[in-house]
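Everything quoted here is computed from the prediction, not taken from an experiment.
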Amino acid sequence: MKQNRRNSLYSKDDFANLLMEILEPVLPYYSEEKAELILGVTATNYDQKAIRLEAFSRPLWGLVPLWAGGRKAPEFEEIYRKGFVAGTNPQSKEYWGGFHAFDQRFVEMAAMSYGLILAPEVLWDPLSDIEKKRLADWLYGINEYELPICNWIMFAVLVNIALKARDQKYDAEKLEHYLNGAETFYLGDGWYQDGDSGQKDYYISFAMHFYSLFYAMVMEKEDPDRCKLYKQRAEVFGRQFIYWFDEDGAALPYGRSLTYRFSQVSFFCACLIANVEPFSVGVMKGLIVRHLEQWLEKPIFDRNEILTIGYGYPNLIMGEKYNGPGSAYWALKTFAILMLPDEHPFWSATPEEMPVLQEQKLLPKADMLIRRYKGHTTAFVPGKFSPFGHGQSPAKYGKFAYDTKFGISVAKSNYEIHEAAPDSMLAFFVNGYVYVRRICDSFTVTEESVVSIWSPLPGIEVETTVTPTESGHIRKHVIKSNIECIAYDCGFAVEIDVKGEALGAEKDSAFVKNDVSSCTVKRLEGNGEGYVIIADPNTNILYPMTRIPSVLYTISKGENVLMTEVMVYYEKK
């Protein structure tokens with residue numbers, strides 16, 4: 001993969017060539033009958049057959065719009081026709097199998113349905129009648145099992161409209177049931193939550209809105225009122241969601257499924273295919289181009305050019321239990337733009353810079369306060385969500401601040417402070433364990449600050465107020481403790497082992513810096529001193545080696561008031 005992609009994406013051919021550059025390296029790894037793609041040996045919470053099916057299906061998120069947009073990929077066309085036949089044939093050794101409740105196979109049906117709707121001449125028409133029936137019957141299975149109450153219900157929507165489009169048996173009642181179910185997730189002001197979990201993260205953009213906009217694109221004549229509503233919501237959402245990106249196209253590393261990487265911008269691609277314009281075509285093109293280019297400068301592919309589990313580099317520590325060797329190809333949803341016709345204005349538009357945005361923006365439905373700084377963007381959150389069971393939830397939802405250029409760190413253990421790597425957290429060290437905010441008991445988010453009340457462990461209660469400033473933010477912690485202990489109030493993790501690195505600690509402050517970035521923390525109130533945490537390698541999701549400046553406070557029994565200033569600088573050379 002070419003590492004320097006700046007100013008290389010403009011035309012439809014540029015994007016199509018990039019897609020093929022990403023996908024061609026997987027060609028040697030398809031199975032004999034082509035129904036499986038074997039990209040690695042790591043495990044997930046679903047079975048190996050489903051892992052190989054997932055890897056097989058996810059390239060379709062890019063290939064299908066390529067085909068729908070009039071381009072060819074003959075080798076992949078043959079692979080997927082053969083794979084559809086073998087995978088749905090119970091007599092094949094590569095049969096994808098039957099189902100159970102909450103089956104991962106239901107997830108992978110979405111990309112296949114995308115293909116049956118948009119590219120039937122590639123994936124459906126060449127099949128024999130019996131092969132079509134087997135494929136349709138296999139897909140219909142999603143209607144016969146229980147689905148999680150979250151974005152998964154939209155997979156059943158895609159399956160049923162695909163079966164309907166191909167004149168196969170579908171479940172009209174289930175289709176309406178799931179569409180109505182998605183309405184219960186809607187919060188207003190363009191925002192959904194991800195089902196009964198209450199989460200508001202990238203699944204709102206690359207799942208709930210993406211599928212709704214795709215539905216609006218293909219069902220507008222049959223269901224005009226609902227499609228109009230989906231478009232209206234997306235337009236309102238888009239004007240807020242753009243705040244999750246900085247001027248270079250980098251997005252906030254917030255929430256789960258970060259290994260899907262450049263799917264972060266797929267919402268704006270879905271807007272384009274559905275003729276929704278929260279911003280001009282040029283602004284959306286500029287954001288999409290910059291977002292892809294900054295990702296392609298990172299070492300996110302392995303030596304065989306396979307997309308890895310990780311974020312800024314290969315990293316299993318940060319992954320969820322549902323991240324398999326092929327999971328990351330979900331990122332190809334961003335290539336939805338390839339279905340745009342050759343004459344669409346997107347292809348001739350000049351990529352524009354970000355529009356004029358507020359310096360500080362409250363997103364009330366997202367429970368988030370965002371501040372835009374030179375070269376980077378920071379989001380301040382109360383730590384409301386903690387979907388335990390996926391992996392590293394406190395790091396992905398519970399920090400005080402999330403930044404486009406500093407990333408976040410995830411814990412290797414909670415035994416040592418350097419293993420916990422608690423950047424942007426107040427970390428208590430009690431009886432040999434590190435405790436941080438996992439979830440808050442209550443919170444308030446205003447245009448000026450974020451207040452949360454939380455408890456790291458029984459016997460300690462904390463009220464934290466985070467107030468953004470021109471140079472970073474100030475944290476005030478009011479702590480009621482029945483325990484004598486110490487606590488680290490930590491700034492952002494800063495990359496080291498690079499040009500210009502330096503670090504240091506003094507009586508009331510600590511800093512870490514390099515040639516392009518720095519973070520300094522300073523004690524304003526409380527009994528504390530500067531301390532630099534030597535974070536374990538590979539704990540930060542953007543940089544393999546970091547250090548974390550902090551103020552190390554002494555916590556006494558009773559009430560303690562701590563105040564820490566966090567000052568941040570970033571300027572790419």
Side-chain angles (χ1 to χ4, degrees), residues 34-35 53 56-74 76-90 92 94-99 103 105-145 147 152-179 210-224 226-227 270 273-274 333 336 338-339 341:
K34 310 305 181 187
L53 166 60
F56 167 88
S57 73
R58 298 210 169 178
L60 288 170
W61 288 114
L63 289 167
V64 166
L66 177 85
W67 294 326
R71 298 298 198 268
K72 300 292 185 182
F76 283 106
E77 292 168 23
E78 182 179 3
I79 284 171
Y80 280 90
R81 283 195 290 267
K82 288 182 176 179
F84 275 24
V85 171
T88 56
N89 182 357
S92 168
E94 295 184 9
Y95 176 54
W96 294 324
F99 309 110
D103 201 317
R105 291 160 180 80
F106 301 146
V107 179
E108 308 318 320
M109 289 180 179
M112 300 178 193
S113 300
Y114 196 50
L116 295 189
I117 294 166
L118 293 178
E121 70 283 354
V122 175
L123 298 172
W124 178 259
D125 296 344
L127 305 186
S128 69
D129 288 346
I130 191 170
E131 290 165 349
K132 289 175 179 176
K133 186 178 187 307
R134 284 173 179 162
L135 174 56
D137 288 347
W138 188 83
L139 289 170
Y140 188 86
I142 196 172
N143 294 313
E144 299 173 337
Y145 290 83
L147 299 179
W152 277 42
I153 67 175
M154 298 302 289
F155 304 146
V157 170
L158 265 64
V159 167
N160 280 295
I161 62 175
L163 292 173
K164 182 181 182 183
R166 301 282 71 85
D167 295 320
Q168 300 297 305
K169 180 180 74 170
Y170 75 100
D171 193 326
E173 186 177 333
K174 275 283 178 71
L175 174 58
E176 189 66 18
H177 171 71
Y178 285 132
L179 287 168
F210 187 96
Y211 302 132
S212 296
L213 287 169
F214 179 65
Y215 183 91
M217 172 193 164
V218 300
M219 297 292 286
E220 192 161 22
K221 290 183 179 179
E222 296 183 52
D223 194 359
R226 184 177 271 139
C227 293
I273 67 171
K333 291 172 86 169
L338 287 174
M339 73 178 75

Student: How many angstroms lie between CG in Leu116 and NZ in Lys164, if you round to the nearest 0.5 Å?
Tutor: 15.5 Å
Student: Nearest heavy-atom pair of Ser128 and Glu131: which atoms, and what distance?
Tutor: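 For Ser128 and Glu131, the tightest heavy-atom pair comes out as N-OE1, 2.9 Å.
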Student: With sequence neighbours left out, write down each residue that passes side chain to side chain donor-acceptor pair (under 3.5 Å) with Glu144, or none if nothing qualifies.
Tutor: none
Student: Test your reading of the model: is there a side-chain donor-acceptor pair from Glu94 to the backbone of Ala86, 3.5 Å cut-off?
Tutor: no
Student: Find the distance between NZ (Lys174) and CG (Leu179) and round it off to the nearest 0.5 Å.
Tutor: 13.0 Å
Student: Please examine the side chains of Leu163 and Lys169, heavy atoms only from C-beta on, and report whether any two atoms are closer than 4.5 Å.
Tutor: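 SC-SC contact between Lys169 and Leu163 ruled out.
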Student: How about Arg81 and Lys34: do any of their side-chain heavy atoms sit closer than 4.5 Å?
Tutor: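 A side-chain contact is absent here, since even the closest heavy-atom pair is not under 4.5 Å.
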Student: Between Asp223 and Arg226, is the closest basic N to carboxylate O distance under 4.0 Å?
Tutor: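 Looking at Asp223 together with Arg226, the answer is yes, because their closest N to O distance falls below 4.0 Å.
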Student: Taking side chain as C-beta onward, heavy atoms only, is Met154 less than 4.5 Å from Ser212?
Tutor: yes
Student: Do you know which two heavy atoms are closest between Ala111 and Ser57, and how far apart they sit?
Tutor: CB-O, 3.6 Å
Student: Using the rule ring-ring contact (aromatic ring centres under 6.0 Å, His included), only one of Phe99, Phe84, Phe106 pairs with Trp138; which is it?
Tutor: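 Going through the options one by one, the only one that passes is Phe99.
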Student: Before giving the answer on side chain to side chain contact (heavy atoms under 4.5 Å, CB included), spell out for Ile273 and Leu213 the whole-Å C-alpha distance, their side-chain angles and the decisive distance to 0.1 Å.
Tutor: CA-CA 8 Å; Ile273 67 171; Leu213 287 169; 5.7 Å; no
Student: Is Ile142 close to Leu147 at the side-chain level, that is, under 4.5 Å between some pair of heavy atoms?
Tutor: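 A side-chain contact exists here, since the closest heavy-atom pair is under 4.5 Å.
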Student: Taking all non-hydrogen atoms of both residues into account, name the closest pair between Ala270 and Phe210 and its distance.
Tutor: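 Between these two residues, the closest heavy atoms are CB-CD1, 3.7 Å.
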Student: Distance from Ile79 atom CD1 to Leu63 atom CG, nearest 0.5 Å?
Tutor: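 Interatomic distance, Ile79 CD1 to Leu63 CG, rounded to 0.5 Å: 9.0 Å.
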Student: Tyr80 and side-chain contact (heavy atoms from CB on, under 4.5 Å): which partner among Val85, Val122, Val64, Leu60?
Tutor: Leu60
Student: Out of curiosity, Arg134 CZ to Leu127 CG, how far, rounded to the nearest 0.5 Å?
Tutor: 11.0 Å
Student: Tyr211 versus Val157: any side-chain heavy-atom pair under 4.5 Å?
Tutor: no
Student: Applying ring-ring contact (aromatic ring centres under 6.0 Å, His included), run through Trp67 and Phe76 and close with a yes or a no.
Tutor: CA-CA 10 Å; Trp67 294 326; Phe76 283 106; 7.8 Å; no
Student: Indicate the atoms forming the closest heavy-atom contact of Ala216 with Cys227, along with that distance.
Tutor: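 So the two residues come closest at CA-SG, 3.5 Å.
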Student: Are there more than 12 heavy atoms of other residues, nucleotides or ligands under 6.0 Å from atom CD of Glu121?
Tutor: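 Atom CD in Glu121 is crowded, with more than 12 foreign heavy atoms closer than 6.0 Å.
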Student: Quick one: are Val159 and Leu175 in side-chain contact, heavy atoms under 4.5 Å?
Tutor: no
Student: Please give me the minimum heavy-atom distance between Tyr95 and Gly87, naming the atom from each residue.
Tutor: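 Scanning both residues, the minimum pair turns out to be CD1-O, 3.2 Å.
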Student: Apply side chain to side chain contact (heavy atoms under 4.5 Å, CB included) to residues Phe214 and Leu118 and explain how you reach the verdict.
Tutor: CA-CA 11 Å; Phe214 179 65; Leu118 293 178; 3.8 Å; yes
Student: Please check if the side chain of Glu77 supplies one atom and the backbone of Ala73 the other of a donor-acceptor pair under 3.5 Å.
Tutor: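 Yes.
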Student: Report the distance from atom CG of Leu135 to atom CE of Met109, rounding to the nearest 0.5 Å.
Tutor: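 Result: 9.5 Å between the selected atoms.
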Student: Quick check: does any side chain N or O of Lys333 sit under 3.5 Å from a backbone N or O of Trp61, one acting as donor and the other as acceptor?
Tutor: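 Pair absent, no side-chain N/O of Lys333 close to backbone of Trp61.
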Student: For a side chain to side chain contact (heavy atoms under 4.5 Å, CB included) check, start with the C-alpha distance between Gln168 and Trp124, then their side-chain angles and the critical distance, and finish with the verdict.
Tutor: CA-CA 12 Å; Gln168 300 297 305; Trp124 178 259; 3.5 Å; yes
Student: Take Tyr170 and Ile161, measure what side chain to side chain contact (heavy atoms under 4.5 Å, CB included) needs, and give me the verdict at the end.
Tutor: CA-CA 8 Å; Tyr170 75 100; Ile161 62 175; over 6 Å; no
Student: To the nearest 0.5 angstrom, please state how far the NZ atom of Lys132 sits from the CG atom of Leu123.
Tutor: 12.0 Å
Student: Under the 3.5 angstrom rule, does the side chain of Asn160 hit a backbone N or O of Ala156 as a donor-acceptor pair?
Tutor: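 Yes, because the side chain of Asn160 sits within donor-acceptor range (under 3.5 Å) of the backbone of Ala156.
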Student: Going by the rule side chain to side chain donor-acceptor pair (under 3.5 Å), which residues pair with Arg166 if we only count those two or more places apart in sequence or in a different chain?
Tutor: none
Student: For Ala165, which residues count as a side chain to side chain contact (heavy atoms under 4.5 Å, CB included) partner, sequence neighbours excluded?
Tutor: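 Applying side chain to side chain contact (heavy atoms under 4.5 Å, CB included) to Ala165 gives none.
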Student: To check you understand the geometry: which heavy-atom pair defines the closest contact between Gly141 and Tyr145, and what is its length?
Tutor: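 Nearest pair, atom of Gly141 first, then Tyr145: O-CD1, 3.3 Å.
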Student: Taking side chain as C-beta onward, heavy atoms only, is Thr88 less than 4.5 Å from Leu139?
Tutor: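 Counting from C-beta outward, Thr88 and Leu139 never come under 4.5 Å.
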Student: Please confirm whether the ring centroid of Phe155 lies under 6.0 Å from the ring centroid of Tyr178.
Tutor: no
